Amino acid sequence: MSESVSPPDTSREEKSSRLTPSSVVYWSRLGFAVLAAAVYNIIGFSFHGNWGVELGTLSALGLGIAFYAGSFYFFRFVLGYEDADLKGPRKLVTTGMGTYIIWLLFGIILINTILFARA
């Protein structure tokens, strides 16, 4: 009367829990944006420094572009993703671009507000 119970099929669960290269690029870009925002505020490029609004904005733009370019090289050379892995031409450049921009702005504003809030 002893029935042998076979273990559950983990291959299907394993496949569904793995992220596709597109998902990895998308969510990592969000992380790069938050990291860039944190670096921007920690270094002190924010508007509360002696930089002024113009130079603060230019430094945010430059730092944002530098981190985005760094993410491209990270995906291309460290993770080895190509456009074919992401199923389209220039997808390595364009995947997560809008999310990156929005979260970079949101992160800069939020961290700046937290660090320099006046009661």
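Please read these numbers as outputs of a predicted model, since none were measured by experiment. In what follows, residues are counted from 1 in the order of the sequence shown.
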Cluster question for you: counting only ILVMFWY and a side-chain heavy-atom cut-off of under 4.5 Å, with indirect links fine, are [X] and [Y] together?
X: L63; Y: I101; value: yes
X: L105; Y: Y26; value: no
X: V39; Y: W103; value: no
X: V24; Y: L86; value: yes
X: I43; Y: L61; value: no

So do T99 and R29 actually touch side chain to side chain, heavy atoms under 4.5 Å?
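Contact flag for R29/T99 side chains = no.
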Looking at [X] and [Y], would you say the former's side chain and the latter's main chain have a donor-acceptor pair under 3.5 Å?
X: S23; Y: L19; answer: no
X: Y73; Y: Y68; answer: no
X: D85; Y: E82; answer: yes
X: T95; Y: L92; answer: no
X: Y100; Y: G64; answer: yes

Nearest 0.5 Å please: distance from the [atom1] atom of [X] over to the [atom2] atom of [Y].
X: I108; Y: S59; atom1: CD1; atom2: OG; answer: 8.0 Å
X: S22; Y: Y81; atom1: OG; atom2: OH; answer: 9.0 Å
X: L79; Y: F75; atom1: CG; atom2: CZ; answer: 6.5 Å
X: I109; Y: N41; atom1: CD1; atom2: CG; answer: 10.0 Å
X: L30; Y: S71; atom1: CG; atom2: OG; answer: 11.5 Å

Please find the pair of heavy atoms, one from [X] and one from [Y], that lie closest to each other, and give the distance.
X: G107; Y: A37; result: C-CB, 3.5 Å
X: Y40; Y: G56; result: OH-O, 3.0 Å
X: A36; Y: L104; result: CB-CD1, 3.7 Å

Which is it for F32 and F74 under the side chain to side chain contact (heavy atoms under 4.5 Å, CB included) test, yes or no, and what are the steps along the way?
CA-CA 11 Å; F32 274 105; F74 174 77; 4.1 Å; yes
Kindly determine whether I102 and M97 satisfy side chain to side chain contact (heavy atoms under 4.5 Å, CB included), including the steps that lead there.
CA-CA 9 Å; I102 295 298; M97 184 181 289; over 6 Å; no
